[in-house]
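Heads up, the thing below is written out as structure tokens.
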Amino acid sequence: MYKDVNNGELRKGDVGKSITVAGWVSRRRDHGNLIFIDLRDRSGLLQVVFNPKISSSAHKNAQMLRGEWVIQVSGDVVQRIKGSENPDLPTGDIELSADKLVVISRSKTPPFEVDDDLNIDDLTRLKYRFIDLRRPKMQALLKLRHDVTRTIWNYLSNQGFIQVETPILIKSTPEGARDYLVPSRLHKGQFYALPQSPQQLKQMLMVSGVERYFQIAHCFRDEDLRADRQPEHTQLDLEMSFVHQEDVVNLVEALFSTIVKEVRPTNSLSEPFIRISYDEAMERFGTDKPDVRFGLELNSITDIVSNLGINVFNKTLESGGTIRSLVLPGCGYFVRKQTDELIELAKSNGGKGLVFISIDNEINSIEKLSYENYRSPIKKLLSVEAVKSISNVTNAKPGDLIVIVADDYKVANNVLSNLRTEMGKRLKLYDTSEFSFVWVDNFPLFEWDDKESAWSAMHHVFSAPKQEDLEYLETDPGKVRAELYDLVCNGHEIGSGSIRIHDRRTQTRVFNVIGYTKKDIDERFRHLLDAFDYGAPPHGGMGLGLDRLIMILGGEDNIREVIAFPKTQAASDPLFDAPSFLGKSQIDELGILFKPTD
RNA sequence: GGCCCCGUGGUGUAGCGGCCCAACACGCCUCCCUGUCAAGGAGGAGAUCGGCAGUUCGAAUCUGCUCGGGGUCGCCA
């Protein structure tokens, strides 16, 4: 070993020891005859002092040291001179009095300093990711990620799960996201696909009798990126045989509680996890991934406003829409500019607009409301009684702003839930150190796709319909609920799972609803259906987004922060410069011909 | 594919029609300095303002296109 102790681990008790350490020069403070170096390794910083009285050659060599040089230093651990201790450093009571210095490797001046809280452009960070990752914060996130996966391995192993690796080169299936494709050399004109998830493979493993499977699996999707979406992400994939929904949910809940307690013992965790149905989530929060750390619940006020003779509302109702509202506490003072901003937000989420009622705080209760106490663009049409009843249903108080959306249920929910999330953040309505997990279940199996004019699977095609809804499969698909459950944390969907179909007949019926022909089914899913014919156990499981989980646990708001080598928004890698053009021979070998681009 | 924001020495920012062949901080280089820890002091180098085209007597500044980065809708679980 080049070092016999880690820098950050040295303490007062080590005084008197003669040691050798190694690491990167973090800072140098050259006082002429006395040179201080902050030596960094993964464990932390250690101050090294070069004193010509201790070693004139070491001191002489230390004069040329620069940032990020890799060095090896030997010397004695000594107590710092009284008054010069550094309480900000764990090693601040001691220092290394150097008597030997070896320069292992020099460094160019780095493009940016290795320091947290430095606001560097993402592109530069990614180009020099190997330096970026030296920052203590990034090291801590790498460690956090390791701790989470280790906890998963330990916990699931103890629960009888075994880890099985599944192939990365598999078959393309057209449903779901766009596949990343790999051309085959041996089968010209044919392609492999990278897995969007090991879904079908793990179901096969259940048929194989593995009973309890898990994998930290890489998943690939060739779709546009977002702050919480990378083309390549990691999921904790797990599957269990002979289980019902409760069994999977309970196991995953226990696992996630363990993870949080293990890696974030001081943060607050609400237990047991809240469980609500899809319908309730939509009704109360307008989304299937509610952040329940704060209130601001939505209300339908259709009944109250339906007979006020207000044109926008009536039109919406005639076309089957609904009137929903959200109360922003203490925002009754909002001026035109602020409400306009809310309208912009609504429009960017597909809404046509918003109606506001601002209640002033001249009164101490809604009961005392009179015509002077509220403002609204539709004030002429709103009687005191109407505002009172709206306030009562929505629980609005004096000083509040009532936001109303008239649209179809889906759009109204989308608009208000995004408004809710945004305002929850702005009004600081929640504790950022809290982890609030929610189970959402009772999802519909299908949703109607307007563009395709067809039913499509809400989650994926393998989720089992609820036993009691099987009879509606052909007659009223929209009514069929699935054995489907999502895990949500702080408003992020971090996992989703289901009890799967395990027989050919039901699976075929579901395929038929989505409009797959016999030929489609045969080409895409024969392997799975064939497997079901040879004794398939009932099974179910989940896929859980590891990157998102670690992002939340790490208090980050971008998934790139918790991935060692992430891609840019255009799915490129500035460090390796991928993707890249290929040489002619490589392409010829694959039998690929390029269309000229226009 | 749509919308929004950003691009100025190595890094982060200022400048937003002439005062700018561009300012500040950090970093970098040279010298001084024995208790600093964002060390200090003195001096110095370094950007034709992402690229192209245009408007103008004059462009970092205005316009168009383009490239790159970020956010978001669509898309995606």
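Chain letters run A, B, ... following the sequence lines, proteins first and then strands; every chain starts at 1.
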Name the pairs: protein N/O against N/O of nucleotides 11-14 of chain B, kept only if under 3.5 Å.
| from | atom 1 | to | atom 2 | distance (Å) |
| --- | --- | --- | --- | --- |
| rU11(B) | O4' | P111(A) | O | 3.2 |
| rG12(B) | OP1 | D121(A) | N | 2.8 |

Please report, rounded to the nearest Å, how far the [atom2] atom of [N] is from the [atom1] atom of [X].
X       : N       : atom1 : atom2 : answer
N418(A) : rG71(B) : CG    : C1'   : 14 Å
E113(A) : rA38(B) : CD    : C1'   : 9 Å
D115(A) : rC37(B) : CG    : P     : 16 Å
L123(A) : rG7(B)  : CG    : C1'   : 11 Å
K567(A) : rG70(B) : NZ    : P     : 13 Å
E223(A) : rA77(B) : CD    : P     : 7 Å
D288(A) : rC76(B) : CG    : P     : 15 Å
L46(A)  : rC37(B) : CG    : C1'   : 12 Å

Please evaluate the base of [N] for a donor-acceptor partner in the side chain of [X] within a cut-off of under 3.5 Å?
X       : N       : result
R229(A) : rC76(B) : yes
R226(A) : rG74(B) : yes
E95(A)  : rG35(B) : yes

Looking only at heavy atoms, which two atoms of [X] and [Y] are closest? And how far apart?
X       : Y       : result
L298(A) : L326(A) : CD2-CD1, 3.6 Å
I131(A) : P111(A) : CD1-CD, 3.6 Å
A22(A)  : L39(A)  : C-CD2, 4.0 Å

Starting the side chain at C-beta, find the nucleotide from [options] nearest to [X].
X      : options                   : answer
R29(A) : rG69(B), rG71(B), rC37(B) : rC37(B)
Q47(A) : rC28(B), rG35(B), rG70(B) : rG35(B)
R66(A) : rG69(B), rG70(B), rC29(B) : rC29(B)

Taking only residues two or more places apart in sequence or in another chain, which ones pass side chain to side chain contact (heavy atoms under 4.5 Å, CB included) with H502(A)?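 Residues passing side chain to side chain contact (heavy atoms under 4.5 Å, CB included) with H502(A): A536(A), P538(A), H539(A).
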Partner set under side chain to side chain contact (heavy atoms under 4.5 Å, CB included) for I168(A), not counting sequence neighbours: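 I168(A) satisfies side chain to side chain contact (heavy atoms under 4.5 Å, CB included) with L194(A), P195(A), F220(A) only.
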Whether Q196(A) contacts rC76(B) is assessed here as follows: a side-chain N or O lying under 4.0 Å from the phosphate OP1 or OP2. Is that the case?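 It does not, given that no N or O in the side chain of Q196(A) lies less than 4.0 Å from OP1 or OP2 of rC76(B).
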Are any protein N/O atoms closer than 3.5 Å to N/O atoms in nucleotides 31-33 of chain B? If there are, list each pair with its distance.
| from | atom 1 | to | atom 2 | distance (Å) |
| --- | --- | --- | --- | --- |
| rC33(B) | N3 | D30(A) | O | 3.1 |
| rC33(B) | N3 | G32(A) | N | 3.2 |
| rC33(B) | N4 | G32(A) | N | 3.4 |

Please enumerate all protein N or O atoms sitting under 3.5 Å from an N or O of nucleotides 43-46 of chain B, with distances to 0.1 Å.
none

Q235(A) or D224(A), whichever maps to the more 5' nucleotide of RNA chain B: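 The residue closer to the strand's 5' end, by nearest nucleotide, is D224(A).
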Main-chain N/O of E493(A) paired to R548(A) side chain as donor or acceptor, under 3.5 Å: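 Yes, the answer is positive, given that a donor and an acceptor are paired below the 3.5 Å cut-off.
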Which residue pairs pass the side chain to side chain donor-acceptor pair (under 3.5 Å) test with at least one member in residues 40-55 of chain A, sequence neighbours excluded?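 Every pair satisfying side chain to side chain donor-acceptor pair (under 3.5 Å) with a residue in residues 40-55 of chain A: K3(A)-D41(A), N7(A)-D41(A), R29(A)-Q47(A), R40(A)-E68(A), D41(A)-S43(A), Q47(A)-E95(A), S55(A)-S57(A).
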Tell me yes or no: between the side chains of T234(A) and R145(A), is some donor less than 3.5 Å from an acceptor?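 Yes, side-chain donor-acceptor contact under 3.5 Å.
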